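Reviewing the structure listed below.
Position 1 is the first residue of the sequence; numbering continues from there. Keep in mind the model is a prediction, meaning the values are calculated, not measured.
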Amino acid sequence: MRFALGATALIAAAVVRADDAESSSSVAESSSSTSIAKPTFTPTKLKAPFLEQFTDDWETRWNPSHAKKDDKSTEEEWAYVGNWAVEEPTVLKGAEEDKGLVVKDKAAHHAISAKFPKAIDNKKKTLVVQYEVKLQNGLECGGAYMKLLQDNKALHAEEFSNASPYVIMFGPDKCGATNKVHFIFRHKNPKSGEYEEKHLKNPPMARIVKTSTLYTLIVKPDNTFEIKIDGESSVNGTLLEDFSPSVNPDKEIDDPKDTKPGDWVDEARIPDPEAKKPEDWDEDAPFEVVDEEATKPEDWLEDEPTTIPDPEAEKPEDWDDEEDGDWIPPTVPNPKCDEASGCGKWEPPMKKNPAYKGKWTAEYIDNPAYKGVWAPKKIKNPDYFEDKTPSNFEPIGAIGFELWTMQNDILFDNIYIGHSVEDAEKLKDETFVPKLAAEKAEEAANAPKPADPPKSPSDLVFKDDPVLYIKEKFNLFVEIAKRDPVEAIKFVPEVAGGLGVIAVTIIAILVSALTGGAAPSKEQIKAQAEKAKKTAADVKDKAAEAVATGTEKAQAEVNKRTTRSNAS
């Protein structure tokens with residue numbers, strides 16, 4: 001009995017151990033993410049007009065806004081109620097003790113800004129704007145862009161809002177099908193003094209990933225610009241040609257007072273005035289006529305109706321003839337009509353009228369009086385100006401994030417605003433490059449590993465994985481036994497032998513119990529077990545012999561085919 005219970009327990013343990021092995025591997029995978037080597041944050045020694053790494057004194061520079069959002073498109077007032085925090089990332093942390101500014105609330109308006117120690121004036125200088133964005137929960141609808149605010153006396157951090165005048169807006173924005181990296185600058189008309197937003201015509205797409213992304217904008221004194229993403233160039237162009245509306249207006253415009261003369265002919269082609277309708281042209285001839293040559297098909301059932309009462313319809317039990325009237329069954333198509341060419345009264349079909357010509361119209365000819373397409377005359381644009389250096393932006397006094405987003409935990413870090421492309425590159429190498437490498441390593445370690453191709457039970461070796469061996473062999477035996485028990489014994493004799501021992505032992509115990517005899521002694525159980533073991537060995541030997549014979553026959557067939565192939 002102990003042997004039988006032990007065999008059963010061994011099979012059950014195979015399943016349990018396999019599950020334990022799977023859970024152990026998942027634990028190993030999760031623990032591997034924590035074993036990724038990560039750099040430890042160290043404040044940079046680089047200097048810039050504004051360089052922010054959100055160290056412990058960050059609150060002395062940044063102030064959340066409590067202003068109302070100025071939205072003229074709706075009567076509702078939006079308050080900036082979204083919370084901000086400075087903390088380490090919770091998703092794919094790439095460096096130890098490295099903190100960033102984090103948007104904390106979903107579907108809320110957030111606004112925060114920081115004044116510069118001194119206004120940044122980039123006239124005749126290169127302007128470099130660079131910062132990291134980490135979308136820890138992705139980005140389905142919302143912005144992660146920054147605004148560089150115009151320096152003026154009314155610049156108060158507590159009142160920063162969407163109405164605060166900015167110089168440049170730069171960064172990713174995504175909602176639905178819209179996905180782009182904004183580059184917008186406000187340009188002042190030197191004549192009117194009014195400002196107009198200039199939008200990059202073909203902005204690059206934002207990277208919607210959970211690893212950190214580095215966005216860099218470089219504007220040079222020659223009006224050229226470049227946008228880099230993760231250090232790689234994405235878009236190049238000029239402020240004078242790649243923005244809409246254009247910086248400089250047209251020198252000439254249409255004269256608003258000029259009108260088209262009444263006798264101006266702008267029809268290039270006209271109906272031929274000399275053309276006449278032919279005398280035999282019949283405009284009233286119908287498009288179709290009755291086919292007089294058609295004859296009724298021989299199998300046409302003229303006496304059969306096209307529909308008949310539904311033979312399967314039954315009058316409802318609650319139908320009252322006095323109140324509801326005589327019940328009439330619904331009609332269905334006559335099935336006899338499907339077996340013939342048709343039913344009911346036969347009428348000849350219609351055919352296209354060979355005499356049909358339709359309404360007559362004259363052919364078109366070139367208009368001899370045509371003067372061309374009229375356009376108003378051009379005059380000098382009274383509002384014309386030429387700004388040859390739009391890259392000389394107005395002084396910038398602060399940076400602000402004014403956002404609405406459906407996703408929270410958007411993190412900003414390592415903000416550089418200055419004039420040195422080289423220093424921005426050094427900051428990238430110090431901070432972003434090692435951080436991204438650690439993030440990607442952790443992401444790869446946590447990624448689901450591709451499943452190994454299933455291994456055939458026949459290829460399994462007991463010593464490689466005893467648990468898997470027993471589990472797969474038992475399952476194979478059961479599957480084959482459903483169709484052919486004899487084949488199951490031949491193919492999986494080790495399971496058959498084990499089950500035979502169990503069965504003999506159980507039968508011996510049951511017989512003893514039913515006959516009222518005493519429980520079998522250890523010697524009797526041992527004898528029965530030996531007998532069962534011998535039986536199993538015989539079965540295994542016969543099965544092995546059968547398998548070997550089959551193998552020999554198969555090998556002989558292979559040799560025969562090989563010999564024929566060589567001979568040919």
Side-chain angles (χ1 to χ4, degrees), residues 41 43-44 46 48-65 80 82-95 97-106 108-116 128-139 142-149 157 160 162 164 166 168-174 181-183 206-217 227-231 396 398-418 424 427-428 430-433 435-436 439:
F41 169 73
T44 184
L46 294 169
F50 184 80
L51 202 161
E52 180 62 76
Q53 294 187 296
F54 298 99
T55 48
D56 292 340
D57 59 345
W58 71 276
E59 289 181 302
T60 62
R61 296 180 295 276
W62 291 84
N63 289 292
S65 172
Y80 292 99
N83 293 301
W84 297 88
V86 168
E87 60 189 23
E88 293 185 54
T90 57
V91 177
L92 300 176
K93 184 171 73 170
E97 303 176 16
D98 185 19
K99 298 178 180 179
L101 180 66
V102 180
V103 174
K104 293 305 295 179
D105 299 304
K106 297 179 181 178
H109 297 269
H110 294 71
I112 193 170
S113 63
K115 285 187 178 182
F116 297 157
V128 183
V129 180
Q130 179 173 284
Y131 73 120
E132 294 175 14
V133 178
K134 187 174 178 64
L135 307 172
Q136 299 186 83
N137 292 324
L139 187 64
Y145 45 80
M146 66 157 64
K147 289 182 178 179
L148 300 183
L149 307 179
F160 168 54
N162 63 313
S164 300
Y166 69 90
I168 289 175
M169 184 171 126
F170 173 63
D173 188 15
K174 182 182 185 301
V181 178
H182 285 294
F183 176 20
R207 291 191 180 168
I208 311 303
V209 293
K210 294 186 179 181
T211 53
S212 296
T213 301
L214 185 71
Y215 293 97
T216 307
L217 169 65
I227 294 177
K228 294 182 178 182
I229 301 179
D230 290 351
I396 303 167
I399 178 177
F401 291 98
E402 187 267 316
L403 309 168
W404 181 89
T405 174
M406 287 297 294
Q407 280 68 47
N408 62 345
D409 287 346
I410 299 173
L411 183 146
F412 305 105
D413 198 6
N414 293 316
I415 303 171
Y416 176 95
I417 301 171
L427 183 63
K428 179 198 71 149
E430 281 183 22
T431 59
F432 176 73
V433 172
K435 178 192 298 185
L436 182 65
E439 289 177 352

| Are side-chain heavy atoms of I399 and I417 found at a separation under 4.5 Å? | yes

| said: Is it the case that over 12 heavy atoms from other parts of the model lie below 6.0 angstrom from the CG atom of D56? | reply: no

| Do D230 and T213 have side-chain heavy atoms sitting under 4.5 Å apart? | yes

| Any donor-acceptor pair under 3.5 Å from Q136 side chain to T90 backbone | yes

| field | Trace of the side-chain contact (heavy atoms from CB on, under 4.5 Å) decision for N408 with H110 | value | CA-CA 11 Å; N408 62 345; H110 294 71; over 6 Å; no

| Could you walk me through whether E132 and L427 pass the side-chain contact (heavy atoms from CB on, under 4.5 Å) check? | CA-CA 11 Å; E132 294 175 14; L427 183 63; over 6 Å; no

| Hey, are the side chains of K435 and N414 touching, using non-hydrogen atoms and a 4.5 Å cut-off? | yes

| query | Can you find a pair of side-chain heavy atoms, one from E52 and one from L101, that are under 4.5 Å apart? | reply | no

| request: Return yes if some donor-acceptor pair links the side-chain N/O of T405 with the main-chain N/O of G142 below 3.5 Å, else return no. | output: no

| message | Among residues at least two apart in sequence or on other chains, which ones pass ring-ring contact (aromatic ring centres under 6.0 Å, His included) with Y416? | response | none

| query | Any side-chain heavy atom of S212 sitting closer than 4.5 Å to one from F432? | reply | yes

| Yes or no on side-chain contact (heavy atoms from CB on, under 4.5 Å) for M146 and V129, after CA distance, side-chain angles and deciding distance? | CA-CA 10 Å; M146 66 157 64; V129 180; 3.5 Å; yes

| request: Please examine the side chains of D413 and T431, heavy atoms only from C-beta on, and report whether any two atoms are closer than 4.5 Å. | output: no

| query | F412 versus W84: any side-chain heavy-atom pair under 4.5 Å? | reply | yes

| In terms of ring plane angle, is the pair F170 and Y215 parallel, tilted or perpendicular, where the classes change at 30° and 60°? | perpendicular

| task | Find the distance between CD1 (I227) and CZ (F183) and round it off to the nearest 0.5 Å. | result | 6.5 Å

| field | Heavy-atom side-chain proximity of T55 to F41 below 4.5 angstrom | value | yes

| said: Tell me if a side-chain donor or acceptor on D105 pairs with a main-chain N or O of N83 at a distance below 3.5 Å. | reply: yes

| Do you know which two heavy atoms are closest between A424 and V128, and how far apart they sit? | CB-CG1, 3.7 Å

| request: Could you go through the side chain to side chain donor-acceptor pair (under 3.5 Å) check for E402 and Y80 one step at a time? | output: CA-CA 9 Å; E402 187 267 316; Y80 292 99; 3.0 Å; yes

| query | How far apart are the closest heavy atoms of Y131 and P172, and which atoms are they? | reply | OH-CD, 3.4 Å

| remark: In short, A144 meets I410 closest at the heavy-atom pair CB-CG2, 4.2 Å

| said: My understanding is that only residues two or more places apart in sequence, or in another chain, count here; which of them pass ring-ring contact (aromatic ring centres under 6.0 Å, His included) with Y145? | reply: H182

| Say you draw a straight line from CD of E97 to NZ of K99; how long is it, rounded to the nearest 0.5 Å? | 8.5 Å

| message | If you apply the rule side chain to side chain donor-acceptor pair (under 3.5 Å), what do you find for N137 with Q407, and how did you get there? | response | CA-CA 6 Å; N137 292 324; Q407 280 68 47; over 6 Å; no

| task | Only counting residues at least two apart or in another chain, list the ones meeting salt bridge (charged side-chain N to carboxylate O under 4.0 Å, His left out) with E88. | result | K93

| field | Polar side-chain atom of K147 near backbone of F401 as donor-acceptor pair, under 3.5 Å | value | no

| task | Verify, without hydrogens or angle tests, whether K228 (side chain) and Q130 (backbone) share a donor-acceptor contact under 3.5 angstrom. | result | no

| query | When F50 is tested against each of I415, I396, L148 for side chain to side chain contact (heavy atoms under 4.5 Å, CB included), which residue passes? | reply | I415

| remark: Residues F54 and G100: closest non-hydrogen pair is CD1-CA, 4.2 Å

| note | Closest heavy-atom pair, K134 versus T211, reported as atoms and distance to 0.1 Å, is NZ-CA, 3.9 Å

| request: For the pair T44 and L51, evaluate side-chain contact (heavy atoms from CB on, under 4.5 Å) and give the outcome as yes or no after the intermediate values. | output: CA-CA 9 Å; T44 184; L51 202 161; 3.8 Å; yes

| message | Rounded at 0.5 Å granularity, tell me how far NZ in K104 sits from CG in L411. | response | 9.5 Å

